[in-house]
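In this chain, residues are counted from 1 in sequence order. Everything quoted here is computed from the prediction, not taken from an experiment. Indexing begins at 1, ligand by ligand and atom by atom, following the structure's order.
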Amino acid sequence: MRIYTYFALFCVSLILASCSDNEDNNISSPTEEVVPGTNHHILIAYFSEPLPDGVDANTSASRVIVNGDLYGSVEYMATVIGEATGADMVRIQTATPYPGNFDDLASQADNERQNNIHPALATDIENFDDYDVIFVGYPIWWYQMPMAMYSFFDEYDFAGKTIIPFSSHGGSGWSRTVDDIAGMEPNATMVNGYSISRSSVAGSEEGILQWLERIGMLEQQN
Ligand SMILES: Cc1cc2nc3c(=O)[nH]c(=O)nc-3n(C[C@H](O)[C@H](O)[C@H](O)COP(=O)(O)O)c2cc1C
């Protein structure tokens with residue numbers, strides 16, 4: 001039953017968010033158009049949870065196949081950003097892996113959200129202080145960031161750093177996640193991010209490169 005409820009909500013969000021492949025819907029916090037400064041040390045930290053092969057393709061979980069390689073949506077976006085900028089990359093993973101089927105994953109994610117559970121992370125970025133610009137990538141889960149992202153923002157101090165969000169969704173757009181990040185990291189600079197529907201991810205490389213150019217990140221090398 002849960003999955004049908006989810007789909008009903010999901011269809012409504014698709015209608016409401018038909019123009020959500022863009023960079024600024026649902027954002028009220030100030031964001032910079034261009035990354036300030038030069039000579040950056042750039043990190044891409046992303047969360048992505050593609051389900052394994054064999055799941056029902058009609059679920060909201062995503063898998064993207066580009067040139068025969070299988071990616072999660074956010075993972076693919078991170079890969080494009082990494083190749084274009086030369087940034088270091090790290091995947092944000094929980095200490096206890098999420099279930100590999102959609103129903104259980106959706107149910108666990110919903111439980112974490114409703115009970116404000118910040119799951120322990122397996123990811124440890126020892127040299128986090130070395131970076132001044134951090135691309136932060138995540139899917140939308142239940143109209144917000146996965147709770148592992150809240151754990152991530154608990155764990156690392158972004159004061160004085162620049163955060164560039166990027167995200168993939170099934171119709172909900174940013175869902176105010178940029179405001180959430182800005183609220184948690186008031187002493188960081190937020191730069192215009194890139195949000196894209198999972199149905200557009202496979203063909204998103206050019207759009208991502210254009211966005212990187214607009215924010216001054218295309219020519220940057222670590
Ligand atoms: C547990 C779960 C909850 C989701 N909730 C939403 C949602 O509320 N709104 C939405 O637009 N998409 C939702 N989606 C769809 C994902 O945001 C979308 O499939 C995204 O591209 C997944 O990225 P990934 O493959 O990198 O994990 C949800 C997906 C999952 C697995």
Side-chain angles (χ1 to χ4, degrees), residues 1-22 25-27 44-66 69-82 89-94 96-115 117 119 121 123 135-150 152 165-180 193-205 207-208:
M1 199 58 207
R2 174 182 296 280
I3 198 161
Y4 297 113
T5 311
Y6 175 71
F7 267 125
L9 288 169
F10 187 60
C11 291
V12 171
S13 77
L14 272 177
I15 295 162
L16 292 176
S18 55
C19 61
S20 53
D21 274 3
N22 61 35
N25 70 319
N26 284 339
I27 297 168
I44 302 166
Y46 71 96
F47 179 96
S48 183
E49 201 66 28
L51 291 187
D53 265 341
V55 295
D56 178 355
N58 291 320
T59 66
S60 290
S62 71
R63 287 168 293 149
V64 184
I65 297 173
V66 181
D69 291 326
L70 181 69
Y71 301 89
S73 299
V74 176
E75 179 185 20
Y76 179 67
M77 296 174 79
T79 303
V80 173
I81 297 166
M89 288 179 59
V90 63
R91 186 172 191 153
I92 300 165
Q93 290 183 294
T94 48
T96 306
Y98 281 104
N101 72 77
F102 180 74
D103 269 359
D104 291 345
L105 173 61
S107 167
Q108 183 171 328
D110 192 27
N111 179 55
E112 286 179 355
R113 174 183 68 108
Q114 297 214 37
N115 295 296
I117 295 167
L121 299 182
T123 309
F135 285 89
V136 178
Y138 50 86
I140 302 300
W141 277 10
W142 294 108
Y143 307 100
Q144 62 175 46
M145 287 185 285
M147 292 307 292
M149 295 304 299
Y150 294 82
F152 176 67
F166 63 99
S167 178
S168 171
H169 61 88
S172 304
W174 288 109
S175 288
R176 302 194 62 83
T177 55
V178 176
D179 289 322
D180 269 5
Y194 200 73
S195 163
I196 190 163
S197 162
R198 68 198 166 103
S199 58
S200 306
V201 168
S204 63
E205 182 172 7
I208 292 174

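- Remark: ligand 1 and Ala106 share no N or O pair separated by less than 3.5 Å (distance only, no angle test).
- Inter-residue side-chain proximity for His169 and Pro139 is flagged as unmet; no heavy-atom pair is nearer than 4.5 Å.
- No side-chain heavy atom of Ile44 sits less than 4.5 Å from a side-chain heavy atom of Val90.
- Counting heavy atoms from C-beta on, the side chains of Met149 and Val136 come closer than 4.5 Å.
- Residue Gly173 has no N or O atom closer than 3.5 Å to an N or O atom of ligand 1.
- Here the side chains of Phe47 and Arg91 are not in contact, with every heavy-atom distance at 4.5 Å or above.
- Within ligand 1, the atoms closer than 4.0 Å to a non-hydrogen atom of Tyr143 are 7 (C), 8 (O), numbered from 1 in the order shown.
- Below 4.0 Å from some heavy atom of Pro139 lie the following atoms of ligand 1, by number and element: 17 (O), 20 (C), 22 (C), 23 (O), 27 (O).
- Taking every non-hydrogen atom of Leu105 and a distance limit under 4.0 Å, the qualifying atoms of ligand 1 come out as 31 (C).
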Would you sort out whether Tyr150 and Glu112 count as a side-chain hydrogen bond (donor to acceptor under 3.5 Å, both in side chains), showing the intermediate values?
CA-CA 11 Å; Tyr150 294 82; Glu112 286 179 355; over 6 Å; no
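- Side-chain contact between Ile140 and Ser167 is present, with heavy atoms from C-beta onward closer than 4.5 Å.
- For ligand 1, the polar-atom distance check finds an N/O of Ile140 within less than 3.5 Å of one of the ligand's N/O atoms.
- Residue contact check for ligand 1: Phe102 places a non-hydrogen atom closer than 4.0 Å to it.
- The shortest N/O to N/O separation between Gly171 and ligand 1 falls below 3.5 Å.
- For ligand 1, the atoms sitting less than 4.0 Å from at least one non-hydrogen atom of Trp142 are 3 (C), 4 (C), 5 (N), 6 (C), 7 (C), 8 (O), numbered in the order shown with element in parentheses.
- In this structure, Trp174 and Tyr138 have tilted ring planes: the angle between them lies in the 30° to 60° band.
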